[in-house]
Each structure stands twice: as C-alpha cells, then as structure tokens.
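Remember, it's 1-based here, ligands and their atoms both numbered in the order they're listed. Numbers here are sequence positions counted from 1. Worth saying up front: this structure is predicted, and the values here are computed from it rather than measured.
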Amino acid sequence: MRKLCHCGQEMSLDFRVLIFEGIIEIDRVPVFECEQCSHYEVLPAIKPDLLALLGELKASREQGLVLFNEVSELADVMYGIYRTWSETDSPSFESLLDQKCKERINLLLDVYGCAKGMEDQVWMEDISKRLAQISDFVNNSQFSRTN
Ligand SMILES: [Zn+2]
C-alpha cells in the first residue's frame, strides 16, 4: 500500500490522530505518510467517510476523541490488518485488504438479514450505510483487479 510523495520518497500507510479546529479529535485515521519530509495525506478512499463524520460532529457540537475505525468499515478492516501485518509477510497488504473487505461484506449482509428479521429500521439503516462504504471501495478498488 504505497504512494509517491512530492519529495520523491515512497509514502507508507499509517494511522494517526487528526485534530480539527482544535476541538475535534479523530483517531485511527488511515493516512499515507512520508518518513523523509513528514508530509502526510488522508487516504482518498476514506475521505468521504471522514468528511461525513466531521459534518456530524460539528452539527452535534460533540467534543473529545472519536475512533474513526468505529465509524468507517473500511478503516476498521485496514486497521485490523495493519496491527498484525508485517512488510515481510505474504500475501500483500492489498490482497489481504481485498479478502478481508469481502469477508466483512458477507458478515454485514448476515447482520442485515438479522436486523431485517427483527424489523429494526434504525439498525437496518446503519448496516446499509456501512455496507455502502465498504462495497464502494471494493467495487472501485484498483487492487481487486490487479491481484
Ligand atoms: Zn516526502
């Protein structure tokens, strides 16, 4: 999972705390980070989720720390792999990510079936939102085609 920095160095995947307007702290946000010049950028794939979360937090005027992986399914799957994966391991991060995303989708579909069985609308909506986040990524992912 790599990307080139504007300084020419390769950036690698990392997770960090981002602070917005001095009051909203969001932890475990996946970023590409450059060791050479400390430049970092939020992963494009999770930007819509991050912006949506920021909007909600601003509207509710909540303060304090939010764990991004509890809100974004994609960030959660990435964080799970990131914690245990090492550079020397095979398979690659990308193919693991692809596989774990598909597993997560199957899990969410099961949970959705359960929520539907209980006619729990709020729960169904929550699961649909989570499903949409992660299936968008899998459907648009460059990784799923190259691996
Ligand atoms: Zn750099």
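Taking CG from Leu43 and CZ from Phe15, the interatomic distance works out to 8.0 Å, rounded to the nearest 0.5 Å. Between the CG atom in Asn69 and the CG atom in Asp49 there is a gap of 12.0 Å [rounded to 0.5 Å]. Between the CG atom of Asp27 and the CG atom of Leu18 there is a distance of 8.5 Å, given to the nearest 0.5 Å. Interatomic distance, CD of Glu70 versus CG of Leu53, reported as 11.0 Å (0.5 Å rounding).
Judged as a side-chain hydrogen bond (donor to acceptor under 3.5 Å, both in side chains), the pairs with a partner in residues 104-125 (not counting sequence neighbours) are, in order, Glu73-Arg104, Asp76-Arg104.
Counting only heavy atoms from C-beta outward, the side chains of Phe20 and Leu57 never approach each other to under 4.5 Å.
Here the protein contributes Cys5 SG, Cys7 SG, Cys34 SG, Cys37 SG as N, O or S atoms under 2.8 Å from the Zn ion (ligand 1).
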